Amino acid sequence: MENSGFTRRNALKITAVLGTALLKGIDKVSALSLTAEKTPPLSASKIASIETALSKKGTRS
């Protein structure tokens with residue numbers, strides 16, 4: 001028997017995508033982008049709040 005490359009995992013992925021498209025509507029699914037926008041930089045006060053909550057300072061990269 002020849003392996004066609006179509007696996008159960010591929011079938012589940014296709015089902016998930018099609019199910020989401022049907023439940024959300026095609027127009028909303030097409031609006032979901034796989035390219036994420038860059039997160040805006042944190043202000044000094046937000047960084048200080050995070051450091052206080054974690055009770056330690058982080059390093060910036």
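Predicted model only: the values in this text are computed from it and were never measured. Along the sequence shown, residues are numbered consecutively beginning with 1.
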About how many Å separate CD1 of Ile47 and OG1 of Thr52, when rounded to the nearest 0.5 Å? 11.5 Å
Restricting to side chain to side chain contact (heavy atoms under 4.5 Å, CB included), what partner residues turn up for Ile14, sequence neighbours left out? Phe6, Leu18
Set of side chain to side chain contact (heavy atoms under 4.5 Å, CB included) partners for Arg9, sequence neighbours left out: Thr7, Lys13
